[in-house]
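Here is how names work: the chains are called A, B, and so on, in the same order as the sequence lines, proteins then strands, and each is numbered from 1. Keep in mind it's a predicted model, so treat the numbers as computed, not measured. Only heavy atoms go into these numbers, but all of them, side chains included; no hydrogens, no water, no symmetry mates.
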Amino acid sequence: MENYSGQQVLRIFPTDEDQVNLVRALEDLEHLQIDFWTSPTKVLLPIDIRVSFRNLQSVKVYLESNNIQYSIMIHDVQSLLDEEQNEMRRNRATEN
Amino acid sequence: ARSTDSFNYATYHTFDEINAFIDNLVNENPNLVSKIQIGSSYEGRPLNVLKFSTGPNRPAFWIDTGIHSREWVTQASGIWFAKKIATDYGKDASLTNTLNNIDILLEIVTNPDGYVYTHKSDRMWRKTRSPNSGSLCVGTDPNRNWDAGFGGPGSSSNPCTETYRGRAAHSEPEVKAIVDFVKSHGNIKGFVSIHSYSQMLLFPYGYTTARTPDHNELNTVSRNAVNALASLYGTSYTYGSIIATIYQASGGTIDWTYNQGIKYSYSFELRDTGRYGFALPANQIIPTAEETWLALTKLIEHTRDNLY
């Protein structure tokens with residue numbers, strides 16, 4: 001299974017159209033391998049992006065240097081997925 | 001699980017477990033539920049549709065879940081809907097009235113290859129699993145592969161992106177199977193495609209800013225549906241046309257169905273509360289399904305009462 005350790009999902013809050021466009025520009029930077037969970041659309045609608053551990057710092061610096069507000073929605077994607085797997089195993093064991 | 005009564009609706013399930021559930025539901029309700037295989041996925045898995053019907057040659061209401069494979073709460077909700085329909089027929093007056101007049105068609109795993117891949121290799125996989133010639137990147141976004149503004153803005157020509165539209169409209173067998181089925185059926189009056197996780201109820205169009213002739217009616221029905229949804233747990237939904245509510249998206253499912261003459265075409269984005277995204281904990285499956293069912297019921301009833 002693909003391992004998502006250290007990957008985070010950032011929730012971005014653009015406050016004007018310029019900031020929406022700056023976040024949209026991230027889509028074109030393929031080397032950052034950003035997975036847009038919700039895409040940049042319009043001002044005041046949050047944007048969620050999954051970022052690999054390797055590129056986390058670059059992305060955060062990009063956002064902060066452009067005064068774009070964000071919060072960390074998921075601190076470690078893998079830990080959530082581990083919990084999901086554990087729960088499925090527990091349920092199967094209970095059913096058996 | 002040996003029966004749909006002992007099936008655990010509050011956990012996520014594999015493709016094989018879902019298929020076993022489907023077979024059990026059909027076996028337990030032979031006079032109401034049947035299984036139709038409308039095609040096969042790229043990797044050869046069956047594209048199964050549950051048909052809830054009490055008579056021949058009826059108009060139908062279509063529901064599909066899981067076209068984006070990582071949106072696990074949608075397949076899980078689809079399972080719950082199936083059991084709910086089978087259980088409530090003959091008990092709930094409105095649903096009984098519905099099934100005495102129209103059929104309900106439900107495709108629970110619309111993208112089976114992707115779904116299996118999310119269980120075995122990559123939980124965050126969204127697309128199909130068909131290869132793309134000339135690229136190492138696999139898969140097409142099946143919600144950009146429909147012949148409705150195909151290739152326009154809001155879809156990508158790059159096979160390595162999540163919104164890759166595919167080489168041609170209906171190139172994905174998972175999409176083509178639905179296209180062929182809808183055309184051959186010829187009497188589908190309502191269509192809902194279910195996604196997650198932005199808490200929205202959407203209607204055409206996504207590929208153009210033009211309003212459909214039915215915009216006002218679809219808007220009113222959507223408002224009633226999201227109000228019904230919110231009545232259970234207070235979950236807040238927005239609603240409107242795709243392009244006005246989220247973004248321009250070309251080649252989308254319900255734009256195609258609307259253009260085929262299915263007036264009541266909608267797309268759901270089921271819940272998250274802004275914390276989990278596609279990794280919605282399993283303890284939220286049933287609440288999500290319950291509240292969505294209230295909205296779905298409104299959409300189905302309106303279609304039933306306004307056949308055209």
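- At a 4.5 Å heavy-atom cutoff, the contact between B/Arg123 and chain A is made by backbone and side-chain atoms alike.
- The distance between the ring centers of B/Tyr239 and B/Tyr237 does not fall below 6.0 angstrom.
- If you check the side chains of B/Glu172 and B/Thr128, you find a donor sitting under 3.5 Å from an acceptor.
- Centroid-to-centroid, the aromatic rings of B/His68 and B/Phe278 stay 6.0 Å apart or farther.
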Discussion item. Does B/Tyr205 form a ring-ring contact (aromatic ring centres under 6.0 Å, His included) with B/Tyr258? I'd like the steps, not just the answer.
Written reply: CA-CA 9 Å; B/Tyr205 285 115; B/Tyr258 183 84; 5.6 Å; yes
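- Options B/Tyr197, B/Trp72, B/Trp125, B/Tyr247 differ in how many heavy-atom pairs under 4.5 Å they form with chain A, and the most are formed by B/Tyr197.
- Within the 4.5 angstrom heavy-atom criterion, only side-chain atoms of A/Tyr4, from C-beta onward, approach chain B.
- A cation-pi arrangement is not found for B/Arg165 relative to B/Trp146, the charged atom failing to lie both closer than 6.0 Å to the ring centre and inside a 45° cone about the ring normal.
- Ring centroid separation for the pair B/Phe203 and B/Tyr266 does not come in under the 6.0 Å cut-off.
- When heavy atoms are compared at a cutoff of 4.5 Å, B/Ser156 does not approach chain A at all.
- Within the 4.5 angstrom heavy-atom criterion, only backbone atoms of B/Thr245 (N, CA, C, O) approach chain A.
- Partner of B/Thr74 under the side chain to side chain contact (heavy atoms under 4.5 Å, CB included) criterion, chosen from B/Leu270, B/Thr292, B/Leu280, B/Thr288: B/Leu270.
- Of the atoms belonging to A/Asp35, it is side-chain heavy atoms, and not backbone ones, that fall under 4.5 Å from chain B.
- In summary, the side chains of B/Asp113 and B/Ser41 do present a donor paired with an acceptor at a separation below 3.5 Å, with no hydrogens or angles considered.
- If you tally non-hydrogen atom pairs under 4.5 Å between each of A/Glu27, A/Glu83, A/Glu2 and chain B, the highest count goes to A/Glu2.
- For B/Asp64, there are no salt bridge (Lys or Arg N to Asp or Glu O under 4.0 Å) partners at least two apart in sequence or on another chain.
- Each of B/His119, B/Arg70, B/Gln248, B/Arg2 has some count of heavy-atom pairs under 4.5 Å with chain A, and the biggest count is that of B/Arg70.
- Within 6.0 Å of the CZ atom in A/Arg24, the count of heavy atoms belonging to other residues, nucleotides or ligands exceeds 12.
- For residues 129-136 of chain B, an interface with chain A (any heavy-atom pair closer than 4.5 Å) does not exist.
- Heavy atoms closer than 4.5 Å to chain B are found in the side chain of A/Glu30, but not in its backbone.
- No other option in A/Thr41, A/Asn3, A/Asp48 has as many heavy-atom pairs under 4.5 Å with chain B as A/Thr41.
- Atom-to-atom distance recorded for B/Glu71:CD and B/Thr118:OG1 is 11.0 Å, nearest 0.5 angstrom.
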